[in-house]
Amino acid sequence: MDTRTLLALGITILFWASAFAGIRAGLTSYSPGSVALFRFLVASAVLIVYAPVRGIKMPRKQDIPFICFCGLLGISVYHVSLNYGEITVTAGSASFLIGTVPIFSVLMAIVYLGESLTLRSWIGIGVSFFGVVVITLGEGEGAGISLDHGTLFILCSAIATSIFFVIQKPYLVRYGSLSFITYSIWAGTVFLMVYLPDLLSEFKAAPTSTTTALVYLGVFPTAISYLTWTYALSRAPVSNVTSFLYLSPVLACFIAWLWLGETPTALSLAGGAAALVGVAMVNTGKAGSIQERKRKP
């Protein structure tokens with residue numbers, strides 16, 4: 001990966017890590033569907049201003065159903081499921097569960113994109129996944145580990161976004177990262193409009209601080225981060241890019257401590273260290289070991 005790709009990934013992971021705490025803050029006054037809709041109305045507004053200035057390609061008629069599907073899966077399903085999960089799951093734990101995304105993405109990329117990994121990379125993935133498990137155990141330290149419906153919602157969101165990351169890759173080549181993610185976000189926002197009546201009623205009663213948190217979610221972890229993420233995906237293999245998501249739980253745990261007062265345990269920090277080691281193993285492997293079939297959508 002070159003410097004620009006790494007910078008784009010750094011921006012993405014930092015803002016996405018902060019989103020878990022932002023969602024928890026938003027859920028104090030808004031319902032899960034309203035949080036998702038508010039967030040993407042803000043993001044869509046930003047892109048309406050930004051995207052035409054930078055120039056976006058008009059989608060081909062035959063590609064519109066696929067773009068809508070990507071918006072439904074990667075925007076609507078992912079964010080509504082994550083928000084419902086965070087009703088009962090803490091911001092730190094939610095980020096640890098989303099940390100399973102690289103596992104799903106790698107497996108799907110092997111089948112769909114024809115990517116292959118070296119033994120070193122597979123070991124790195126295993127080490128990182130072990131780190132995620134250790135962090136999850138650390139979150140339950142002293143209180144026991146409970147797997148409720150919130151956990152299932154978050155795992156559902158992890159699978160949805162993994163599919164989204166992989167199937168979009170060929171279309172990023174055709175449209176470029178800005179055009180494709182802009183249309184996906186707009187499509188996802190349209191599907192989220194079913195929550196508009198709830199949002200309007202909740203907006204009137206919500207305090208300014210909570211609404212400000214949702215505005216932050218819409219601008220930084222959404223509009224900006226999705227652009228930087230798809231930029232990185234368009235320049236590097238899915239397996240390498242998604243492995244950086246293992247950094248998110250570590251950052252999310254720290255941000256949740258600052259924002260929400262969630263204190264990480266020693267076991268959580270140990271798991272974070274293991275996750276970092278795994279990421280290093282995956283991304284220091286030989287670049288030529290990962291190949292992709294050239295597919296045209």
Legend entry - Closest non-hydrogen atom pair between Glu262 and Ala91, with its separation: OE2-N, 3.3 Å
Legend entry - Working for side chain to side chain contact (heavy atoms under 4.5 Å, CB included), residues Val89 and Phe153: CA-CA 10 Å; Val89 178; Phe153 271 118; over 6 Å; no
Legend entry - Nearest atoms (heavy-atom pairs only) where Ser29 meets Pro207: OG-CD, 3.2 Å
Inset, instruction - Please find out if less than 6.0 Å separates the ring center of Trp229 from that of Phe165. - result: yes
Inset, instruction - May I ask you to decide if Ala25's main-chain N or O and Thr28's side chain share a donor-acceptor pair within less than 3.5 Å? - result: yes
Inset, instruction - Could you tell me the separation between the CD1 atom of Ile125 and the CZ atom of Arg120, rounded to the nearest 0.5 Å? - result: 12.5 Å
Legend entry - Heavy-atom side-chain proximity of Leu41 to Met193 below 4.5 angstrom: yes
Inset, instruction - Side-chain contact test, heavy atoms from C-beta onward, threshold under 4.5 Å: evaluate it for Ile48 versus Trp186 and give yes or no. - result: yes
Legend entry - Thr90 side chain near Leu260 side chain, heavy-atom distance below 4.5 Å: no
Inset, instruction - Check whether any side-chain heavy atom of Asp2 sits under 4.5 Å from a side-chain heavy atom of Leu6, and report yes or no. - result: no
Inset, instruction - May I ask you to test the Cys68-Ile64 pair for a side-chain heavy-atom distance under 4.5 Å? - result: yes
Legend entry - Nearest heavy atoms of Thr222 and Leu217, plus distance in Å: OG1-O, 2.5 Å
Inset, instruction - Determine whether Ile13 and Ile23 fall in the same hydrophobic cluster, where Ile, Leu, Val, Met, Phe, Trp and Tyr are linked whenever their side-chain heavy atoms lie under 4.5 Å apart. - result: yes
Legend entry - No-hydrogen, no-angle side-chain donor-acceptor test under 3.5 Å, Ser34 and Ser31: yes
Legend entry - Interatomic distance, Ser234 atom OG to Arg174 atom CZ [nearest 0.5 angstrom]: 15.5 Å
Inset, instruction - Report yes if some heavy atom in the side chain of Pro32 is under 4.5 Å from a heavy atom in the side chain of Ile87; otherwise report no. - result: yes
Legend entry - Distance, nearest 0.5 Å, that separates OG1 of Thr230 from CZ of Arg235: 12.0 Å
Legend entry - In one Ile/Leu/Val/Met/Phe/Trp/Tyr side-chain cluster, 4.5 Å: Leu82, Leu192: yes
Legend entry - Straight-line distance of Ile181 CD1 to Leu178 CG, nearest 0.5 Å: 9.5 Å
Legend entry - Modelled atom types, side-chain donor and acceptor of Ser225 and Thr12, under 3.5 Å: no
Inset, instruction - Report whether Ile163 and Ile75 are members of the same hydrophobic cluster (ILVMFWY, side-chain heavy atoms less than 4.5 Å apart, transitive linking). - result: yes
Legend entry - Nonpolar side-chain network containing Val173, other nodes, edges under 4.5 Å: none
Inset, instruction - Specify the closest pair of heavy atoms between Ala36 and Val80, including all atoms of both residues, with the distance to one decimal. - result: CB-CG2, 4.1 Å
Inset, instruction - Give a yes-or-no answer on whether the side chains of Thr118 and Ser121 include a donor-acceptor pair shorter than 3.5 Å. - result: yes
Inset, instruction - State the CD1-OG distance between Ile98 and Ser157, to the nearest 0.5 angstrom. - result: 3.5 Å
Inset, instruction - Would you check if the side chain of Tyr183 reaches a backbone N or O of Lys57 as a donor-acceptor pair within less than 3.5 Å? - result: yes
Inset, instruction - Kindly compute the distance separating CG (Leu37) from CD (Glu202), expressed to the nearest 0.5 Å. - result: 10.0 Å
Inset, instruction - Please check if any side-chain donor atom of Tyr30 sits under 3.5 Å from a side-chain acceptor atom of Asp198, or the reverse. - result: no
Legend entry - More than 12 heavy atoms from other groups under 6.0 Å of CZ on Phe66: yes
Legend entry - Shortest non-hydrogen contact between Tyr216 and Ser18, atoms and distance: OH-OG, 2.7 Å
Inset, instruction - Evaluate the ring planes of Phe220 and Phe15, with Trp represented by its six-membered ring, and classify them as parallel (under 30°), tilted (30 to 60°) or perpendicular (over 60°). - result: tilted
Legend entry - Where Ile255 and Leu14 come nearest, the two heavy atoms and their spacing: CD1-O, 4.0 Å
Legend entry - Sole candidate of Tyr195, Phe38, Trp16, Phe40 that passes ring pair (Phe, Tyr, Trp, His ring centres under 6.0 Å) when paired with His79: Phe40
Inset, instruction - Verify the distance criterion only: is there a donor paired with an acceptor across the side chains of Thr189 and Ser44 at less than 3.5 Å? - result: yes
Legend entry - Criterion side chain to side chain contact (heavy atoms under 4.5 Å, CB included) against Tyr78, the qualifying member of Ile159, Leu72, Thr161: Thr161
Legend entry - Working for side chain to side chain donor-acceptor pair (under 3.5 Å), residues Thr182 and Tyr226: CA-CA 9 Å; Thr182 295; Tyr226 270 95; over 6 Å; no
Inset, instruction - Establish whether Leu233 and Phe244 are linked, either directly or via other cluster members, by ILVMFWY side-chain heavy-atom contacts under 4.5 Å. - result: yes
Inset, instruction - Check step by step if side chain to side chain donor-acceptor pair (under 3.5 Å) holds for Asp63 and Tyr175. - result: CA-CA 11 Å; Asp63 291 339; Tyr175 290 104; 2.5 Å; yes
Legend entry - Student check: side-chain heavy atoms of Arg39 and Pro221 closer than 4.5 Å: yes
Legend entry - ILVMFWY network linking Tyr231 to Val46, side-chain heavy atoms under 4.5 angstrom: no
Legend entry - Close side-chain approach of Cys70 and Phe180, heavy atoms under 4.5 Å: yes
